[in-house]
Every structure is written in structure tokens, then in C-alpha cells.
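Heads up, the thing below is written out as C-alpha cells.
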Protein chains: 2
Amino acid sequence: MKPKVSFKEAKSCPLQFVLAVNDTLNVISGKWKMPIIGSLLFDKRRFTEIQRNIPKITPRMLSKELKELELNGVVKRTVYDTLPVSVEYELTPSAKSLNHVLDTMVEWGIRHREAVVGRQKR
Amino acid sequence: MKPKVSFKEAKSCPLQFVLAVNDTLNVISGKWKMPIIGSLLFDKRRFTEIQRNIPKITPRMLSKELKELELNGVVKRTVYDTLPVSVEYELTPSAKSLNHVLDTMVEWGIRHREAVVGRQKR
DNA sequence: TTTACTAGTATACTTTAGTATAGCACTTCC
DNA sequence: GGAAGTGCTATACTAAAGTATACTAGTAAA
């Protein structure tokens, strides 16, 4: 559901906005969440595949973050009855729609960097 | 400048995207950045005004965060030669355009919460 | 002269986030 | 029988983020 008022139109910052922004922030902030989501954004992957994808992450961190992402409805975990067991992680449909958010963040990040550098040159 | 490829179109996650997302995250993540930006989003304010706006923040934190935001080109600090001195904080034009990012975050946050709750009910 | 306002700083602390290193249970390959 | 691959967990640590409490200099009103 679309919020009734955007930040631009609103005259003050309603609590529900802050809460919704925080929900989104909780999903993507921290040292490893973006790399993990990035790794899953284009394909489902297994534990060790993600680990190989993100060279410096420890299994403890990967495990911890994946659990948190699963709890938050961002990642779906599927265990296959193979020998040895294989476990697949994939983004939920809701998480896939994160790319809209990420796109605006990329755009703002690039623009903002240009604006800041521009001011320093002048 | 608009990035050439969006997350949806891209087949892998380019480094420049990750960097730009991190730039944006650095500006808005942490316990107090959003409340401070929220407080300045509709008007310029003085130190104690912001402090009254955000009841539980300590002056140490407010001071620290404002310095960081100033360094990152998000906030502009102006000292007025009144007695006692008054200092005004306002968002830079670049920071004001953050509301587009925040809007998509609000929208995703609300949708995602609905999706997660929906799954729990079923 | 005490009080209160301005915009903060100083010091010491707790809490949360992240790291380092080792190990487990299971199975297959050599 | 040992090594190697599966998906992790346990313990102990360091580093970063945030809190609590007190305090500063300058001025002005009571």
C-alpha cells in the first residue's frame, strides 16, 4: 500500500514514516547484509557458495546474518535431503522488490558525491 | 547522473553500485541520523531546538552526529553573531533530495511488513 | 549574586557489532 | 584410515556505537 503523503508533501515527519524507514534500514544496514543480498539478488545460492562470493566473511557471521534475514522475511531457506545435506538460500519476492529502493539509493549516492566534490573544487 | 543500469537489469552487482549504496547508508544509518534529518527536513533549527525535538538524545550524540553530517555534506552550519551566539543547522540541497530515497524506503517498509504479516496469518 | 540561557566538551562507562580460531557430524573419495 | 567437502556452532576476543553525568564560557535577567 502506498503511503498517503510523501516526505515532500508532508509538513512534519509522521511516526509511521520513521518506523517504516527503520524497518527498511534494519534489513539493509550492517557490514554484511548488502553483500549477502547482492549475492542472492540474481540467483539462489548455497551456504558455501555465498561464502566464496564474499571472501572475507566468517561462517559465524554468514550464519548469523542469514538467520536474521530469514526472520525478517527477506530470505527463504530450503533444506534438500541429499547426502551430504544441501541448503539453498533465496530472496523472498518482497526482498526482490528491494531493487527499487537500492536503485534510488545508488542514484542519490552518485548525485550526492558529485555535489559534495563539486563544492570542494569551487 | 543516472546510473546506466538498474539493479533489475544488471546481471551481477557492480562494485560502483555497492559503493553508492554504502554512501547513502552512511548518511542515514545509526540511531540518531534519521531523527535529526527528520527534524531538519521541514525547517532550519538551532542546536537546542533539535535537542527538544528529539527528547532522548544527549548533547554529546547530537553534537557528534551534526559534525559527521556536516562533513558528509548533508547539513550546513551557520553561526550568528548574536549574544549569546546562536547556531543554525539546515539541510543542504543535496540532502533535501533525500526525500525521494526515504519515500521509496517508506513504501517498501510498509509493503514488506504487510507481506510478512500476511505470510504469518496464512 | 544566584539563576538560567546559549552551544556545546570531557571522562568514563556499557552495549552491540564484528573477528579469530577451532571444532562437530556426516559422507564420499583415494 | 586419512583427507576433503557439506553446513554450520562454540568460545573468546576486539572494535565501534551509544549512554550517563558532569562540566565549560560567556551573557543577561531576577
Side-chain angles (χ1 to χ4, degrees), chain A residues 18-19 21-40 43-72 74-91, chain B residues 18-19 21-40 43-72 74-91:
Chain A
V18 177
L19 294 178
V21 171
N22 278 335
D23 281 358
T24 309
L25 278 177
N26 284 338
V27 165
I28 56 179
S29 60
K31 186 168 182 182
W32 300 113
K33 300 248 176 65
M34 275 303 304
I36 292 169
I37 291 173
S39 163
L40 295 175
D43 237 320
K44 48 179 75 169
R45 286 189 205 286
R46 301 214 307 253
F47 192 89
T48 33
E49 287 181 305
I50 306 174
Q51 218 184 155
R52 273 192 287 267
N53 239 252
I54 308 169
K56 290 185 180 173
I57 198 168
T58 60
R60 183 192 197 274
M61 266 298 151
L62 182 52
S63 167
K64 210 187 119 230
E65 298 288 58
L66 283 171
K67 266 180 197 157
E68 215 180 310
L69 290 169
E70 199 192 349
L71 247 165
N72 286 335
V74 176
V75 156
K76 193 185 150 201
R77 181 176 182 269
T78 318
V79 183
Y80 291 97
D81 205 6
T82 56
L83 285 174
V85 280
S86 54
V87 181
E88 255 180 14
Y89 294 93
E90 60 185 311
L91 296 184
Chain B
V18 177
L19 294 178
V21 170
N22 277 335
D23 281 357
T24 309
L25 277 177
N26 284 338
V27 165
I28 56 180
S29 60
K31 185 168 181 183
W32 300 113
K33 300 246 177 64
M34 274 305 302
I36 292 169
I37 291 172
S39 164
L40 295 175
D43 238 321
K44 47 178 76 169
R45 286 189 206 286
R46 301 215 307 256
F47 192 90
T48 33
E49 287 182 304
I50 306 174
Q51 214 182 161
R52 273 193 287 268
N53 239 252
I54 308 169
K56 290 185 179 173
I57 199 170
T58 60
R60 183 190 197 273
M61 267 299 153
L62 183 52
S63 167
K64 211 187 118 231
E65 297 289 60
L66 284 170
K67 266 179 197 156
E68 214 180 310
L69 290 169
E70 199 192 349
L71 248 164
N72 287 334
V74 175
V75 155
K76 192 185 153 202
R77 180 177 181 268
T78 316
V79 182
Y80 290 97
D81 205 7
T82 55
L83 285 173
V85 280
S86 53
V87 180
E88 254 181 14
Y89 292 93
E90 61 185 309
L91 296 184

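Computed from a predicted structure; not experimentally measured. Chain A is the first sequence line, chain B the second, and so forth, proteins listed ahead of strands; every chain is numbered from 1.
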Practice task
Tell whether A/Arg60 reaches the base of D/dT11 with its side chain through a donor-acceptor pair below 3.5 angstrom.
Solution key: yes
What is the nucleic acid contact for [X], judged by heavy atoms within less than 4.0 Å: base, sugar-phosphate only, or nothing?
{"X": "B/Thr48", "result": "sugar-phosphate"}
{"X": "A/Lys67", "result": "sugar-phosphate"}
{"X": "A/Lys56", "result": "nothing"}
{"X": "B/Tyr89", "result": "sugar-phosphate"}

In terms of side-chain heavy atoms of [X], which of [options] is nearest?
{"X": "B/Val87", "options": "C/dA7, D/dT19, C/dG18", "answer": "C/dA7"}
{"X": "B/Arg46", "options": "D/dA20, C/dT6, D/dT9", "answer": "C/dT6"}
{"X": "A/Pro59", "options": "D/dG18, C/dT19, D/dC8", "answer": "D/dC8"}

Practice task
Decide yes or no for A/Glu90 and A/Leu40: does some side-chain heavy atom of the first lie under 4.5 Å from some side-chain heavy atom of the second?
Solution key: no
Exercise for the section: Answer yes or no: is there a side-chain heavy-atom contact under 4.5 Å between A/Arg77 and A/Phe47? Expected result: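 Not in contact.
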Problem - Spacing between A/Asp81 atom CG and D/dT6 atom P, to the nearest angstrom - result: 17 Å
Problem - B/Lys64 NZ - D/dA17 P separation (whole Å) - result: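 It is 7 Å, rounded to the nearest whole Å.
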Practice task
Give a yes or no answer on whether the side chain of A/Ser63 reaches the backbone of A/Pro59 with a donor-acceptor pair at less than 3.5 Å.
Solution key: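 It does not hold such a pair.
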